[in-house]
*Asks:* 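Below is one structure. I have some questions about it.
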Amino acid sequence: MYMWPIFLPSWRRPKGIDSRVRRKFKGVTLMPNIGYGSDKKTRHYLPNGFKKFLVHNVKEPEILMMHNRKYCVEIAHNVSTRKKKEIVERAAQLDVVVTNKLARLPSTTPVDVERHARNFMEAAKMLQLYFLGLQHEDWPSKVELRRKDVATMQEELKVKKEMVNKQEQLIQGWRKELKDQLLRHNAELEKVGLSFCSACLCNDVMVCWFNNETI
């Protein structure tokens with residue numbers, strides 16, 4: 001909510017040739033203008049339809065005995081609790097409206113605000129230190145972080161070694177299978193060679209096959 005500036009009686013109109021306020025630049029202090037004024041019919045009237053009259057003691061509301069339809073009473077902030085109750089009672093007798101009669105009454109016992117504020121700040125500081133200590137306890141140290149890194153690296157190395165061993169076992173199995181297949185094929189070739197050599201009685205299978213083809 002924007003509040004119009006309040007000008008004191010000591011305010012003077014700026015007359016400088018380069019004054020930004022006099023030239024009414026955007027974003028600078030506003031100057032008084034007749035357009036800011038309120039309607040004369042409702043000027044100084046409160047939303048409840050009365051004009052405000054500030055009182056400090058029990059006798060002052062009596063001034064409004066004949067003007068209780070135009071003015072209302074507002075009790076000053078520095079009035080004690082006992083006097084405030086008396087003013088409210090007297091205003092009710094005079095049929096005068098009191099704007100702040102339901103305001104919170106000041107405490108009868110003095111309160112050491114500074115002591116309470118100091119205690120509150122000390123408690124807040126101790127609570128903050130406590131939570132910071134808990135956070136530091138939860139945080140791992142550098143040595144623990146290094147140990148965790150080493151443990152993870154060792155686990156990764158172990159997994160890689162297991163994979164290498166499995167691959168070596170597979171390769172060995174494949175070599176054994178290939179060797180067995182080679183021996184099996186050689187044995188089959190020897191049997192085929194003997195069948196061809198039974199006619200020509202030669203030791204070379206290829207020569208025997210060639211002779212048979214040429215014949």
Side-chain angles (χ1 to χ4, degrees), residues 1-139 142:
M1 180 179 176
Y2 182 77
M3 299 295 293
W4 296 111
I6 298 173
F7 294 95
L8 300 176
S10 61
W11 185 86
R12 296 293 183 272
R13 185 181 184 278
K15 299 181 178 64
I17 60 173
D18 296 327
S19 176
R20 296 167 60 86
V21 178
R22 181 188 64 80
R23 296 161 70 184
K24 298 182 181 179
F25 281 9
K26 184 178 179 180
V28 298
T29 306
L30 298 175
M31 290 202 305
N33 195 319
I34 191 64
Y36 294 145
S38 59
D39 191 359
K40 289 184 178 180
K41 295 179 181 179
T42 59
R43 191 175 297 172
H44 305 300
Y45 277 93
L46 298 176
N48 58 5
F50 293 93
K51 289 186 177 181
K52 182 172 65 176
F53 182 75
L54 193 66
V55 298
H56 298 81
N57 52 47
V58 182
K59 293 183 179 181
E60 288 182 356
E62 297 177 357
I63 302 173
L64 305 179
M65 186 181 298
M66 304 300 296
H67 305 283
N68 56 359
R69 292 293 173 263
K70 187 176 181 180
Y71 292 91
C72 64
V73 168
E74 181 171 332
I75 303 172
H77 73 282
N78 56 354
V79 178
S80 64
T81 304
R82 183 171 58 85
K83 292 291 183 181
K84 184 177 289 188
K85 290 180 180 180
E86 294 177 0
I87 291 172
V88 171
E89 292 176 358
R90 183 58 179 163
Q93 294 174 2
L94 298 173
D95 195 14
V96 178
V97 178
V98 181
T99 57
N100 56 349
K101 66 179 180 180
L102 300 177
R104 185 168 59 90
L105 298 176
S107 177
T108 55
T109 57
V111 179
D112 192 354
V113 180
E114 293 182 359
R115 182 173 60 83
H116 284 292
R118 187 168 56 253
N119 294 338
F120 176 76
M121 293 299 294
E122 291 178 357
K125 189 181 292 184
M126 292 181 66
L127 190 63
Q128 185 178 7
L129 292 174
Y130 173 73
F131 282 113
L132 286 174
L134 289 179
Q135 290 180 359
H136 286 299
E137 288 179 359
D138 295 337
W139 291 345
K142 292 183 179 180

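Count residues from 1 along the sequence. Below, all heavy atoms of this structure are taken into account, side chains as well, without hydrogens, waters or symmetry copies.
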*Asks:* Show your reasoning for whether side chain to side chain contact (heavy atoms under 4.5 Å, CB included) applies to R69 and D95.
*Replies:* CA-CA 9 Å; R69 292 293 173 263; D95 195 14; 3.0 Å; yes

*Asks:* For the atom pair CZ (F120) and NZ (K125), what is the distance rounded to the nearest 0.5 Å?
*Replies:* 13.0 Å

*Asks:* Checking I63 now: which residues fulfil side-chain contact (heavy atoms from CB on, under 4.5 Å) with it, not counting sequence neighbours?
*Replies:* F53

*Asks:* Over all heavy atoms of both residues, which pair between V55 and V73 is shortest? Give the atoms and the distance, please.
*Replies:*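 So the two residues come closest at CG2-CG1, 3.3 Å.
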
*Asks:* Evaluate the criterion side chain to side chain contact (heavy atoms under 4.5 Å, CB included) for residue pair V97 and N68; output intermediate values, then yes/no.
*Replies:* CA-CA 7 Å; V97 178; N68 56 359; over 6 Å; no

*Asks:* If the condition is salt bridge (charged side-chain N to carboxylate O under 4.0 Å, His left out), which residues does R82 pass it with, not counting sequence neighbours?
*Replies:*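 Applying salt bridge (charged side-chain N to carboxylate O under 4.0 Å, His left out) to R82 gives E86.
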
*Asks:* How far does CZ of R20 sit from NZ of K26, to the nearest 0.5 angstrom?
*Replies:* 12.5 Å

*Asks:* Kindly indicate whether the side chain of M31, heavy atoms from C-beta on, has any atom under 4.5 Å from the side chain of V21.
*Replies:* yes

*Asks:* Can you measure from NZ (K84) to NE2 (H77) and round to the nearest 0.5 angstrom?
*Replies:* 10.0 Å

*Asks:* So how far is it from N48 CG to T99 OG1, rounded to the nearest 0.5 Å?
*Replies:* 7.5 Å

*Asks:* Does the E60 side chain pair with the main chain of H56, one donor and one acceptor, at a distance under 3.5 Å?
*Replies:*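 Such a contact is found between E60 side chain and H56 backbone.
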
*Asks:* So, does R43 use its side chain to make a donor-acceptor pair with the main chain of S38 at under 3.5 Å?
*Replies:*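 Indeed, once roles are kept as given, a pair shorter than 3.5 Å links the two residues.
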
*Asks:* Are side-chain heavy atoms of V98 and E74 found at a separation under 4.5 Å?
*Replies:* no

*Asks:* NZ/K51 to SG/C72 distance, rounded to the nearest 0.5 angstrom?
*Replies:* 11.5 Å

*Asks:* Of the non-hydrogen atoms in Y45 and K70, which two are nearest, and what is the gap between them?
*Replies:* OH-CE, 3.7 Å

*Asks:* Going from CZ on R22 to NZ on K15, what distance comes out if it is rounded to the nearest 0.5 angstrom?
*Replies:* 11.0 Å

*Asks:* After noting the C-alpha distance and the side-chain angles of E62 and L94, does the key distance pass the side chain to side chain contact (heavy atoms under 4.5 Å, CB included) rule?
*Replies:* CA-CA 7 Å; E62 297 177 357; L94 298 173; 4.1 Å; yes

*Asks:* Under 3.5 Å, is there a donor-acceptor pair between the side chain of N100 and the main chain of I75?
*Replies:*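 Checked: pair present.
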
